[in-house]
Amino acid sequence: MPEGVLSIQPADPAGRDNPGGPPRPDHGAGPRGGAVVDEIRRAGGEAVAHHGDIATDEGAASLVTTALETYGRLDALVNNAGFLRDRMLVNLGEDDWDTVVRVHLKGHFLPLRHAAAHWRAEAKAGRTPIARVVNTSSGAGLLGAVGQGNYSAAKAGVLALTLVAAEELGPYGVQVNAIAPAARTRMTERTFARTMATPGTGFDAMAPENVSPLVVWLGCAASAGVTGRVFEVEGGRITVMEGWRRGPSADGGVRRTPSEAGRTARELLKDAEVPTAVYGAGQRIRGARS
């Protein structure tokens, strides 16, 4: 663990240790949270487990308080809470939608808001911080994924939140970026079992350790000047993702009829780039079946 890096392991938000299950009434950090803390400490770092639900205002506030009371400062926030409830849209229930959006999107927003409030107060007191936020999106948030309408929408929301936060928090010394990682986790090793399988020999492209170095760099002072960016990271590859940009356009200066609007749209599409395919296009991914 590089010196000066703050490590906090959020508690199990709404069932990360219970994939597909409902939120638990007791959101304390379970044995996995404690195991992560122990692993960090054995490696020479410092860590503390947070006992709270970060998708609630109280839990997110206590996350920031835990950091400040333990270390006396807050340098970086890495938002990474999430789980899956995959269904095709026609089988996707309201609870499956609400719970996934709650954990992924609200679970990013609330810790970010409370950390930002602290950093703004520091800046206004003349102690402008060197602060960093790393949000976790996904390829599904960038391109969409068949069978993951709830997850894709939540992760796309994380990207928009990242862009807004980078602009709003920049004056307070805060940089905000997002990653879209592909790696072996408890969320992916079941749904994408074949892709995520550990190879017998050679480079393990799906090892989560391949993602960590970029997160560390984005979370430290060395990343000065990098904000409002999205990076896709998988194996040994890092890609700067370039989001929505204006393509072909036509302005007639007058209101069009529906037929005229349609003709204009078709003409513009002739010069537009073909969009990248949605993940799983043409097939039903394992785990998306009801």
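Reckoned from all heavy atoms, side chains included, excluding hydrogens, waters and symmetry mates.
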| said: So which atom in L74 and which in W119 form the shortest heavy-atom distance, rounded to 0.1 Å? | reply: O-NE1, 2.8 Å
| Can you check side-chain contact (heavy atoms from CB on, under 4.5 Å) on T66 and L63, steps first, answer last? | CA-CA 5 Å; T66 298; L63 175 71; 5.7 Å; no
| note | Heavy-atom nearest pair, V278 first then L143, reads CG2-O, 3.3 Å
| Sidechain-backbone polar pair: N91 side chain, M88 backbone, donor-acceptor under 3.5 Å | no
| field | side-chain hydrogen bond (donor to acceptor under 3.5 Å, both in side chains) partners of T128, counting only residues at least two apart | value | none
| field | Hydrophobic cluster identity match, V164 and V158, side-chain contacts under 4.5 Å | value | no
| field | Donor-acceptor contact present, side-chain Q175 to main-chain V226, <3.5 Å | value | yes
| query | Would you call H114 and I54 a side-chain contact if the rule is heavy atoms closer than 4.5 Å? | reply | no
| query | Does N177 use its side chain to pair, donor to acceptor, with the backbone of R229 at less than 3.5 Å? | reply | yes
| message | Please give me the minimum heavy-atom distance between R73 and L68, naming the atom from each residue. | response | C-CD2, 3.7 Å
| Would one find more than 12 heavy atoms of other residues, nucleotides or ligands at under 6.0 Å from atom CD of E167? | no
| field | Heavy atoms from other residues, nucleotides or ligands near CD1 of I130 exceed 12 (cutoff 6.0 Å) | value | no
| Has the side chain of K155 got a donor or acceptor atom that lies under 3.5 Å from a matching backbone atom of T136? | yes
| message | Minimum heavy-atom separation for M241 and E232, please, with both atom names. | response | SD-CB, 3.6 Å
| request: Name the orientation class of the two ring planes belonging to H104 and Y151 (parallel below 30°, tilted from 30 to 60°, perpendicular beyond 60°). | output: perpendicular
| Test side-chain contact (heavy atoms from CB on, under 4.5 Å) applied to N135 and V176, step by step | CA-CA 8 Å; N135 291 328; V176 187; 3.8 Å; yes
| Which atom of S137 lies closest to which atom of P181, heavy atoms considered | O-CD, 3.6 Å
| Greater than 12 external heavy atoms within 6.0 Å of R237's CZ | yes
| query | Tell me the salt bridge (charged side-chain N to carboxylate O under 4.0 Å, His left out) pairs involving residues 103-113, sequence neighbours left out? | reply | D57-R113
| request: Rounded to the nearest 0.5 Å, what's the gap from OH on Y172 to CD on E122? Could you check? | output: 13.5 Å
| request: Measure from the side-chain N and O atoms of Q148 to the backbone N and O of A140, and report whether any donor-acceptor pair falls under 3.5 Å. | output: no
| task | Spell out, yes or no, whether V134 and V233 are grouped together once hydrophobic residues are joined by side-chain heavy atoms under 4.5 Å, including indirect joins. | result | yes
| task | State plainly whether the residues R42 and E39 are in salt-bridge range, i.e. N to O under 4.0 Å. | result | no
| said: Taking V101 as the starting point, is it possible to reach L92 by hopping between hydrophobic residues whose side chains are less than 4.5 Å apart? | reply: yes
| note | In this structure, CG of N150 is separated from CZ of R102 (nearest 0.5 Å) by 14.5 Å
| request: Quick one: pull up NE2 in H108 and CG in L77 and give me the separation to the nearest 0.5 Å. | output: 8.5 Å
| message | I'd like to know if the side chain of R41 reaches the main chain of A47, judged simply by a donor and an acceptor atom lying under 3.5 Å from each other, with no hydrogens or angles considered. | response | yes
| request: Establish whether V146 and L89 are linked, either directly or via other cluster members, by ILVMFWY side-chain heavy-atom contacts under 4.5 Å. | output: no
| query | Has the side chain of S152 got a donor or acceptor atom that lies under 3.5 Å from a matching backbone atom of A145? | reply | yes
| task | May I have the step-by-step check of side-chain contact (heavy atoms from CB on, under 4.5 Å) for H50 and S62, ending in yes or no? | result | CA-CA 8 Å; H50 168 250; S62 70; 2.8 Å; yes
| Tell me, do N80 and V215 make a side-chain contact under 4.5 Å, heavy atoms counted? | no
| task | Would you check if F231 and V240 make a side-chain contact, meaning some heavy-atom pair closer than 4.5 Å? | result | yes
| Atom pair CG (L84) and CG (D96), whose distance is rounded to the nearest 0.5 Å | 11.0 Å
| Linking I/L/V/M/F/W/Y whenever their side-chain heavy atoms sit closer than 4.5 Å, directly or via other members, would V64 and L161 fall into one cluster? | yes
| If every non-hydrogen atom of G235 is compared with every non-hydrogen atom of N210, which pair is closest and at what distance? | O-CB, 3.3 Å
| request: Determine, stepwise, if the pair L112 / L169 fulfils side-chain contact (heavy atoms from CB on, under 4.5 Å). | output: CA-CA 10 Å; L112 173 59; L169 302 182; 4.1 Å; yes
